Structures are given as structure tokens and as C-alpha cells.
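This one's a predicted model, so the numbers in the text were calculated from it and none came from an experiment. The analysis underlying the following values was restricted to heavy atoms, covering all of them including side chains, and did not include hydrogens, waters or symmetry mates.
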Amino acid sequence: MAKLKITQVRSRIGATDRQCKNLDALGLKKINQSVEHEDSAVIKGMLVRVKHLVSVEEVK
């Protein structure tokens with residue numbers, strides 16, 4: 001399975017409560033912080049909600 005490198009690129013200020021909870025669940029607390037997760041349907045669903053706050057790269 002592929003891994004995804006997720007980086008928070010925008011502030012959570014002004015984001016909805018649901019978007020903030022998704023960022024927390026992904027493990028993102030600060031701008032420019034990166035985490036790696038396995039590529040799965042659950043993670044992709046979270047990313048759809050916060051796509052304007054994060055950047056995603058595929059890692060081999």
C-alpha cells in the first residue's frame with residue numbers, strides 16, 4: 001500500500017469545528033507540520049473535508 005505525506009499549509013483559524021477535528025484526527029496541530037498515513041478510504045474522506053488546508057504527496 002502507498003503512503004501519503006500530509007502537510008498542513010494553512011491555518012485552522014476560521015475553520016469549522018468539524019474541520020478542526022479532522023485535522024486533529026490526522027495528527028496535524030501546526031502549520032508546516034507533516035505526517036504520514038497509509039492510503040485508505042478513511043484517510044481520503046478526512047482529506048476531502050480539509051483539502052483547502054493541507055497538501056498531499058504520495059510517498060513510495
Side-chain angles (χ1 to χ4, degrees):
M1 245 188 174
K3 284 195 164 224
L4 298 175
K5 181 179 179 184
I6 305 161
T7 305
Q8 184 176 345
V9 294
R10 297 199 50 200
S11 173
R12 63 173 59 210
I13 295 173
T16 65
D17 187 46
R18 189 174 201 172
Q19 291 167 343
C20 290
K21 287 180 182 178
N22 274 317
L23 288 173
D24 290 339
L26 288 168
L28 297 169
K29 302 285 185 186
K30 301 178 183 178
I31 296 176
N32 293 325
Q33 182 181 6
S34 296
V35 293
E36 287 189 10
H37 287 285
E38 291 292 328
D39 189 6
S40 68
V42 174
I43 297 297
K44 284 190 175 183
M46 289 181 186
L47 292 174
V48 168
R49 297 231 179 248
V50 294
K51 64 185 172 193
H52 59 289
L53 301 175
V54 298
S55 69
V56 181
E57 302 171 19
E58 189 171 332
V59 179
K60 295 184 180 181

**Asked** How many angstroms lie between OG in Ser11 and NZ in Lys30, if you round to the nearest 0.5 Å?
**Response** 13.5 Å
**Message:** To the closest 0.5 Å, what do you measure between NZ (Lys29) and CZ (Arg12)?
**Reply:** 6.5 Å
**Prompt:** Do Met46 and Val42 have side-chain heavy atoms sitting under 4.5 Å apart?
**Reply:** yes
**Request:** Please lay out, stage by stage, how Asp39 and Lys44 fare under the test side-chain contact (heavy atoms from CB on, under 4.5 Å).
**Result:** CA-CA 7 Å; Asp39 189 6; Lys44 284 190 175 183; 2.8 Å; yes
**Request:** Enter the distance from Ile43:CD1 to Glu36:CD here, rounded to the nearest 0.5 Å.
**Result:** 12.5 Å
**Item:** Shared hydrophobic cluster, Leu23 / Val35 (ILVMFWY, side-chain heavy atoms < 4.5 Å)
**Value:** yes
**Complete:** Between Leu26 and His37, the two heavy atoms sitting closest are O-NE2, 2.8 Å
**Asked** Backbone N or O of Lys21 within a donor-acceptor pair of the Gln19 side chain at under 3.5 Å?
**Response** no
Please report, to 0.1 Å, the donor-acceptor pairs under 3.5 Å made by any side chain of residues 47-60, with sequence neighbours excluded.
none

**Message:** Please check if the number of heavy atoms outside Lys5 that lie under 6.0 Å from its NZ is greater than 12.
**Reply:** no
**Asked** Can you name the nearest heavy-atom pair linking Ser34 to Thr7, along with the distance?
**Response** OG-OG1, 2.8 Å
**Request:** Taking the side chain as every heavy atom from C-beta outward, state whether Glu38 and Leu4 have any atom pair closer than 4.5 Å.
**Result:** no
